[in-house]
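Order of listing sets the numbers, starting from 1, for every ligand and every atom in it. All of these numbers come straight from a predicted model, not from anything done at the bench.
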Amino acid sequence: MSKYKFPYVRMRRNRNSPFIRDLLQENTITVKDLVYPLFIIDGVGKLEPITSMPGQMRYSIDQALIVIEECIDLGILAIALFPVINTAKDNFGSESYNPNGLVQRAVKTIKDKYPQIVIFTDVALDPYTIHGQDGIIDDNRYVLNDVTNEVLVKQALSHAKAGADFVAPSDMMDGRVVKIRRALEEEGFYNTGIMSYSIKYASSFYGPFRDAVHSSGNLKKADKKTYQMNPANINEAYVEAKLDIEESADIIMVKPGIGYLDVVYQMKTTHKIPVAVYHVSGEYSMLKAASQNGWIDYSSCLLETMLCFKRARADIIWTYSALDVARLINQ
Ligand code: PBG
């Protein structure tokens, strides 16, 4: 006979009051867990609402500074920058390593004003290519691995020179972490970290992001399945993570978030290195859309989602809702 016998064991005793529930809560979300990804555009005084991501904007650098100050006031420690490039696109993503490019200028300006904020920069070519792929393509539109790595290295170096704390390769080319690490060391950027998007699935939940950076029109009907992972798979995730750790990634990321909590948990418990999770654009927009229709409550669904990330053992959460989460926590 089990000793766990009703009525001696009543699980509801531990849920009997708000104080008891708080006392026994296993996981919590704090402002220090958050990274705010923001979209930047050229120009001055510009704020462009992103239709498919209600509440999110494309900011010119001066406007981004205002939001960053708000982040700092709320206790958010880190941001991630995503450039929206309108004109300087080509087949090779050459603008990506322009020392005076949009991201490079943004990093410098932000670091001059707020040296304490942790900046992650995206390393991938999709904002810069005419075809919207993350790398350089051949005549069959196949994304070339090793040729792309050469450009990613230049891009990462230009971000490090501008003052980025972490470069964040999101392109899923093989071997790019070690190539970037080697170049950073050679140039003396031994304290610039690498946050690798190690386990990035070919997800349809990136749709609104591609609108935001104007790459969906260029990508047309093409997909990224020859480099991003199949959502059905997890065995590969172990290898992807192991390779990136061996190649010296400082943080690994699992992306998207909500549907991939098993992967977050497995990576954290297996590898015991910092694991970031990306609550991606489509996940954000679903919450917004349903709450705008009055079907769900945005704030409570948002906090619940964040707690689920923590329960799955994520160390860092990238979310467009970072400011909302911070306000809710600080209330
Ligand atoms: C591109 C990149 C993507 C995201 C981050 N970096 C899109 C993609 O791979 O097509 C997605 C982020 C999101 O959906 O919020 N390298």
- Task: Report yes or no: does Asp134 have a heavy atom closer than 4.0 Å to ligand 1?
- Result: yes
- Under 6.0 Å from the NZ atom of Lys224, do we count more than 12 heavy atoms belonging to anything else shown? yes
- Message: Can you see whether Tyr206 has Lys200 sitting over its ring - NZ or CZ less than 6.0 Å from the centre and within 45° of the normal?
- Response: yes
- Message: So is Lys200 touching ligand 1 or not, going by heavy atoms under 4.0 Å?
- Response: yes
- Item | Ion pair Asp244/Arg176, N-O distance below 4.0 Å | yes
- Message: Using a 4.0 Å cutoff against the non-hydrogen atoms of Tyr278, which atoms of ligand 1 qualify?
- Response: 12 (C), 15 (O)
- Query: Short list, please: which atoms of ligand 1 are under 4.0 Å from a heavy atom of Lys224?
  - Reply: 8 (C), 9 (O), 10 (O)
- Query: Are Arg182 and Glu186 close enough for a salt bridge, meaning some N to O gap below 4.0 Å?
  - Reply: no
- What is the nearest protein non-hydrogen atom to atom 1 (C) of ligand 1, stated with its residue, atom name and distance? Asp126 OD2, 2.9 Å
- Task: For Val280, take its heavy atoms, then give the atoms of ligand 1 lying under 4.0 Å from any of them.
- Result: 13 (C), 14 (O), 15 (O)
- Step through the shown structure and confirm whether more than 12 heavy atoms of other residues, nucleotides or ligands are within 6.0 Å of CZ on Arg13. yes
- 4.0 Å heavy-atom contact, Tyr284 with ligand 1: no
- Which atoms of ligand 1 sit under 4.0 Å from any heavy atom of Ala124? 16 (N)
- Query: Charged N to carboxylate O below 4.0 Å: is that the case for Asp165 and Lys111?
  - Reply: yes
- Under 4.0 Å from ligand 1, counting heavy atoms only, is it the side chain of Asp122, its backbone, both or neither? side chain
- Note on the structure: Note: ligand 1 atoms sitting under 4.0 Å from heavy atoms of Lys255 are 2 (C), 3 (C), 4 (C), 5 (C), 6 (N), 11 (C), 12 (C)
- Can we say Glu246 and Lys242 salt-bridge, meaning some charged N sits less than 4.0 Å from an Asp/Glu carboxylate O? yes
- Item | Enumerated ligand 1 atoms positioned under 4.0 Å from heavy atoms of Tyr320 | 12 (C), 13 (C), 15 (O)
